[in-house]
Every structure is written in C-alpha cells, then in structure tokens.
Amino acid sequence: MAVDNKGRVEVDDEFRTNVPSIRAIGDVIRGPMLAHKAEEEGIAAVEFMFKGAGHVNYDAIPSVIYTNPEVAWVGKTEEELTAAGVAFRSGVFPFMANSRARTNGMCMT
C-alpha cells in the first residue's frame, strides 16, 4: 500500500488506496487524528462504495487540544475568511460563563 513521506496511507478523494479493494480512513490518512473525523470519513467511504457519491465537510469537524483547560474550535479562522473574501461576524464568549470551567475551578468568580 502506498504511503506518503510521513507514513500515512495515500488515498484519493473517495478514500481509495492504490490497492483496488481497499479504502482507508481516520488516523492512517492525512488530517487530524480525531475519532469524529474518522467516523465521518467512514460514512463517506461507504456512501462512495454503495451510492457513488459521498462527502465530508472537514470545516464542520471540531478540533480539540486536550490541555487543562481544553481548547476546541470548529470552522475557519478569521484570517482564512478574510483571505477568502468571506464576510463574517465574530464574537467572544467569556470563559467564566462556561459551566465546565466554573465547575473545575478554572476561573475566578
């Protein structure tokens, strides 16, 4: 099976490897190693096999850094949207309003 310079299995847009009967998803292919990414890729791979079409919206898959506190995000950054000429509105959410942060004593009250 063909791999890239980082040892990841190479796949096409339908998750096909260079072995005709094998498709690959998740941690063994390019992209973040996240279970919910692999789940969406698995669904799309099956759709490609049985329906001839499938899709993964990578912009809608959340990313996370397991630190203390955890950090998570979804979608494009302000810089990416600006570079693409996409109009957007941004907002902020105070960390102290996050119930998990408050419960874990991560913020001052």
Side-chain angles (χ1 to χ4, degrees):
M1 194 165 317
V3 296
D4 66 14
N5 62 347
K6 294 184 179 181
R8 298 173 299 201
V9 175
E10 292 182 349
V11 295
D12 65 12
D13 291 339
E14 296 184 15
F15 305 100
R16 292 180 294 218
T17 67
N18 64 319
V19 178
S21 61
I22 298 178
R23 295 185 192 234
I25 62 163
D27 292 359
V28 299
I29 68 170
R30 67 189 176 272
M33 296 180 177
L34 299 167
H36 41 284
K37 170 192 166 274
E39 181 180 359
E40 292 300 317
E41 289 172 342
I43 291 167
V46 171
E47 288 174 342
F48 280 119
M49 287 186 278
F50 290 98
K51 296 181 179 180
H55 175 71
V56 176
N57 181 356
Y58 289 100
D59 289 334
I61 296 174
S63 294
V64 64
I65 300 173
Y66 294 104
T67 55
N68 190 7
E70 293 174 356
V71 178
W73 63 96
V74 65
K76 297 192 179 297
T77 65
E78 290 184 20
E79 293 81 11
E80 291 170 329
L81 292 171
T82 300
V86 176
F88 65 92
R89 295 185 330 176
S90 65
V92 295
F93 184 81
F95 193 63
M96 65 187 292
N98 179 288
S99 59
R100 182 170 178 189
R102 294 177 67 85
T103 301
N104 291 329
M106 303 259 176
C107 57
M108 303 300 287
T109 56

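Computed from heavy atoms alone, side chains included, the values below leave out hydrogens, waters and symmetry copies.
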Should [X] and [Y] be regarded as members of a common hydrophobic cluster, given that ILVMFWY residues are connected when their side-chain heavy atoms come within less than 4.5 Å of each other, either directly or indirectly?
X	Y	result
V46	V9	no
I29	L34	no
I22	I43	no
F15	M49	no

**OP:** State, yes or no, whether a side-chain contact exists between K76 and F88 at a heavy-atom distance under 4.5 Å.
**Re:** no
Original post:
Are any of the side-chain heavy atoms of Y58 and K37 separated by less than 4.5 Å?
Top reply: yes
Non-hydrogen atoms of [X] and [Y] that approach each other most closely:
X	Y	result
E41	G26	OE1-N, 2.7 Å
E80	T77	OE1-N, 2.8 Å
T17	M1	CG2-SD, 3.7 Å
H55	E47	N-OE1, 3.9 Å
V3	E10	O-OE2, 3.6 Å

**OP:** Kindly indicate, with the supporting measurements, whether the criterion side chain to side chain contact (heavy atoms under 4.5 Å, CB included) is fulfilled by V11 and V28.
**Re:** CA-CA 10 Å; V11 295; V28 299; over 6 Å; no
**OP:** Decide if atom CG of D13 counts as having more than 12 heavy atoms of other residues, nucleotides or ligands within a radius under 6.0 Å.
**Re:** no
